[in-house]
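What follows is one structure encoded as structure tokens, with my remarks underneath.
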Amino acid sequence: MSELKWPFLPGRNISIDRAEGIYLYTDNGQEIIDAAGGAIVACIGHGNDRVVEAIAKATKQTSYIVPPWITPSRQAMLDALADWLPPSLTRVHCTSGGSESNEAAIKIALHYQQAIGETSRTQVIGRSISYHGTTLATASISGHPSRKIGLEASLPNFLEVETPYTLRCPVSANQGDYYVDLLAHLIEAEGAENVAALLSEPITGSSGGALVPPDDYWPKVRKLCDDNGILLIMDEVMTGYGRTGQDFGFQHWPIEPDILVGGKGLAGGYAPLGGVFAREAIGEAIEQAGFQVMFNTFGAHPAACAAAAEVLNIMREDNLVQQAATRGDYLSNRLRDLFSNHPHVAETRGKGLLQAIEVVADRETLEQFPKDAQISSKIVVKGLQKGVFFYGGGTGVVRDIVCMGPPLTIDEPALDRIAETLLECVDEAIAEA
Ligand SMILES: Cc1ncc(COP(=O)(O)O)c(C=O)c1O
């Protein structure tokens, strides 16, 4: 046996031998429903032969080719993407994941402002509950305090505005205006002429537990950005590619981003891939200014592009986005049935097959359990023992969140099992708190 330590920091050590459809199988034969889709990644389920064959073919055909050149699998991915992306987003830059893509998106936004002569626009706004990645810049702009501890002195500076969190909003009426006004005030205080972009998740993923903003929020934010020359970057790493019952999360509102960031479901978990998609004018300006958009060595890897092309086509052929909407409604209703009168569940929320619950000590005051009660970790551990993998969420400040993001192929009996198991796990975790 090797003496090498894996993972870097010791954690729960589970050994998975194989995965098929919505199921994971441990080395001792336990079957686990992957209600987390891995890290909310596995959109078409595991073990799809078509994807495996497409990857094998691309690997044989063009094992490694520098990212800017075209290959058959890159072309196949672009052809498939054309059916997903809004027509306004014509420029494509691929990386190996969400962090690199968000980092690249921030740089592209900053480059664009410099390229069009808006040289004072060097600030980027992030939001208070969010996760954008592991690099110094993406960790810094994330509203995820527990992932910054020990790094504070070395993080680059970004501006921060509140993420809509209607459950704990200080006002009960006009909540959309409340959050939009905070953004307007921040822009005014900093000077619009100094702000390059806003980076945000359309529906806040696991950091907030599927936080859906008030309906008027995004249209008003879009207008505010337009009025002030600020680019809107949508991080759809978790919400993109059908997860929320639309191709992309932003499509729940009548808006479009200037830059869209994808990852996770883009290649369905079969290969590492992230993407940055920008408006033509952005690419054109950067090109004319002669700035570089440097590739990552493994960006747009031919095998990953083959996986993405096949996954995107399968999702279309099998109508999986529509299915995410209907099965998402089913799961959401089941959660509501089971938890709407639960004394320790403040809310069930989400869109499509991105759903979450927030556990509280007191449903009336929304008081949290003490941090060391570790409610969501306990729920995840209990879930695994009972054969369901839930995804723990929160930021350290926002906590006791449990997320669900199963493959979009999941059926209703499996969703029943997820919801019922979650209830058992919540009750058992609270009994121990
Ligand atoms: C919304 C969002 N953005 C970015 C990331 C980072 O992506 P990656 O882990 O692929 O670098 C994640 C990962 O969970 C995410 O949920």
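Start at 1 and go down the list; that is how both ligands and their atoms are numbered. Excluded from the calculations below are hydrogen atoms, water molecules and symmetry mates; all remaining heavy atoms, backbone and side chain alike, are included. Not measured: the values here are computed from a predicted model.
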Item to check | S376 side chain to G392 backbone, donor-acceptor under 3.5 Å | outcome: no
Checklist entry - In Å and rounded to the nearest 0.5 Å, what is the CG to CD1 distance from D34 to I40? => result 9.0 Å
Checklist entry - Is the Y241 ring parallel, tilted or perpendicular to the W84 ring (thresholds 30°, 60°)? => result tilted
Next on the checklist: Between W218 and F250, does the ring-ring contact (aromatic ring centres under 6.0 Å, His included) criterion hold? Intermediate values first, please.
Outcome noted: CA-CA 8 Å; W218 281 122; F250 77 81; 9.7 Å; no
Checklist entry - Would a distance-only check, ignoring hydrogens and angles, find a side-chain to backbone donor-acceptor pair under 3.5 Å from Q113 to R121? => result no
Item to check | Residues in the immediate environment of ligand 1 (any heavy atom closer than 4.0 angstrom) | outcome: G97, G98, S99, N102, Y131, H132, G133, E201, D235, V237, M238, K264
Next on the checklist: Over 60° means perpendicular and under 30° means parallel, so tell me whether Y64 and F298 are parallel, tilted or perpendicular.
Outcome noted: perpendicular
